[in-house]
Amino acid sequence: AKSFSVAGVKTVLVDADLNKASLTSRLDLQDTAGLRDAIADGALDRSGQVRALGQLDMLPVGRDSMVSDEHLSLPRVRTVMEDLRSAYQLVVIDAGTTEDNLSASLVTALSDQVAVIVRAGERASDCRRALKRLELHTVRPPLLVFNDAMNSDPGLDLTGPERGRT
C-alpha cells in the first residue's frame, strides 16, 4: 500500500480484521474512530475516521465495540466499501483470515481481488484449506504473496492432486 501511495496512487489501507486489529495496534490507533464506526453510521466519514500516515491514508478498525462479527450488516459493509472505492484509486484491506471470521468473509466477497499472504514455514495443507475457503467467496483466483521466502526454499505445491498439475 505504501509503495502505491509513494508512486502517486491515492491509496487507503483498511484494517478490517475486527477480531485481532493487529494493523491498528501496530500503528497505535486503537482509540480512534474507524471501520467499525463507519459501519455503525452506515457511511464513511473521511475527516473523522481516516488517518493520514504520510502519503498513505489509513482506516483503523475503530472504536464502536457494538460492530463485531455478530453485528455485521452486509448492506452497511457494502456502502462503506463503495464509499472507499469512490474516494480512492486503490483500497488495500487487511481482513485477517477467513477461518471463523465473518468480517473477513464479507470483505473478501465484496473485493475485486484477494491476495493471500503465505508466511515462511506455513504448511501446504493449511494453504490449500485457505484457498478452498476463498473459492466460496471470490470470483477471481487469489494472488499468492510469499513472505520471507529464501532461495533454498523448495516452494509449495498448492495445486494438490484434486486440482491437477500445471
Side-chain angles (χ1 to χ4, degrees), residues 1-120 122 127 130-131 133-134 136-149:
K2 186 174 181 180
S3 297
F4 283 104
S5 66
V6 169
V9 177
K10 191 172 182 183
T11 306
V12 64
L13 177 60
V14 180
D15 189 352
D17 188 350
L18 302 183
N19 296 329
K20 293 184 182 173
S22 56
L23 189 57
T24 296
S25 296
R26 271 192 307 212
L27 296 171
D28 198 26
L29 296 171
Q30 300 93 312
D31 296 322
T32 59
L35 181 62
R36 284 183 174 135
D37 307 277
I39 292 170
D41 297 344
L44 179 68
D45 172 13
R46 285 183 53 208
S47 63
Q49 297 160 345
V50 176
R51 302 286 175 255
L53 304 174
Q55 294 168 296
L56 176 66
D57 282 355
M58 165 73 181
L59 181 62
V61 163
R63 295 184 296 231
D64 194 327
S65 60
M66 290 304 295
V67 177
S68 62
D69 273 358
E70 296 83 31
H71 301 97
L72 284 179
S73 157
L74 179 60
R76 286 180 181 233
V77 173
R78 179 178 283 123
T79 298
V80 172
M81 294 286 287
E82 289 169 358
D83 290 348
L84 288 166
R85 280 189 179 119
S86 68
Y88 294 92
Q89 292 172 288
L90 180 64
V91 179
V92 178
I93 302 171
D94 177 1
T97 177
T98 56
E99 189 172 20
D100 299 326
N101 186 339
L102 180 60
S103 57
S105 297
L106 281 175
V107 170
T108 298
L110 295 170
S111 297
D112 296 325
Q113 183 66 60
V114 174
V116 175
I117 309 301
V118 180
R119 291 176 182 84
E122 200 159 347
C127 295
L131 293 172
R133 278 192 308 273
L134 283 172
L136 302 172
H137 305 290
T138 61
V139 176
R140 295 181 185 173
L143 304 172
L144 294 176
V145 178
F146 293 90
N147 271 359
D148 300 323

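Scope of the values below: all heavy atoms of this structure, side chains included, with no hydrogens, waters or symmetry mates.
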Checklist entry - How would you list, by chain and number, every residue that makes a salt bridge (charged side-chain N to carboxylate O under 4.0 Å, His left out) with Arg78, sequence neighbours excluded? => result none
Checklist entry - Side-chain contact, heavy-atom cut-off 4.5 Å: Leu44 with Val50? => result yes
What pairs of donor and acceptor atoms, side-chain ones from residues 21-31 against any protein atom, are under 3.5 angstrom apart with sequence neighbours left out?
unit_1: Thr24; atom_1: OG1; unit_2: Asp15; atom_2: OD2; d: 2.8
unit_1: Thr24; atom_1: OG1; unit_2: Val61; atom_2: N; d: 2.9
unit_1: Ser25; atom_1: OG; unit_2: Ala21; atom_2: O; d: 3.1

Checklist entry - Quick one: does Arg51's side chain have a donor or acceptor within less than 3.5 Å of a partner on Met58's backbone? => result no
Checklist entry - Excluding sequence neighbours, so at least two apart, what forms side-chain contact (heavy atoms from CB on, under 4.5 Å) with Lys10? => result Arg46, Tyr88, Gln89
Next on the checklist: Test: salt bridge (charged side-chain N to carboxylate O under 4.0 Å, His left out). Region: residues 79-95. Which pairs qualify, not counting sequence neighbours?
Outcome noted: Arg85-Asp112
Checklist entry - Looking at residues at least two apart in the chain, or sitting in another chain, which of them share a side-chain contact (heavy atoms from CB on, under 4.5 Å) with Asp37? => result Ala33, Gln49, Arg63, Asp64
Item to check | Nearest non-hydrogen partners of Thr32 and Pro60, listed with the distance | outcome: OG1-CG, 3.4 Å
Next on the checklist: Restricting to non-hydrogen atoms, name the atom on Ser5 and the atom on Leu56 that form the minimum distance, rounded to 0.1 Å.
Outcome noted: OG-CB, 3.6 Å
Checklist outcome for this item: side chain to side chain donor-acceptor pair (under 3.5 Å) filter on Ser47, not counting sequence neighbours, yields Asp45
Checklist entry - To the nearest 0.5 Å, what is the distance between CG (Leu84) and CG (Leu35)? => result 8.0 Å
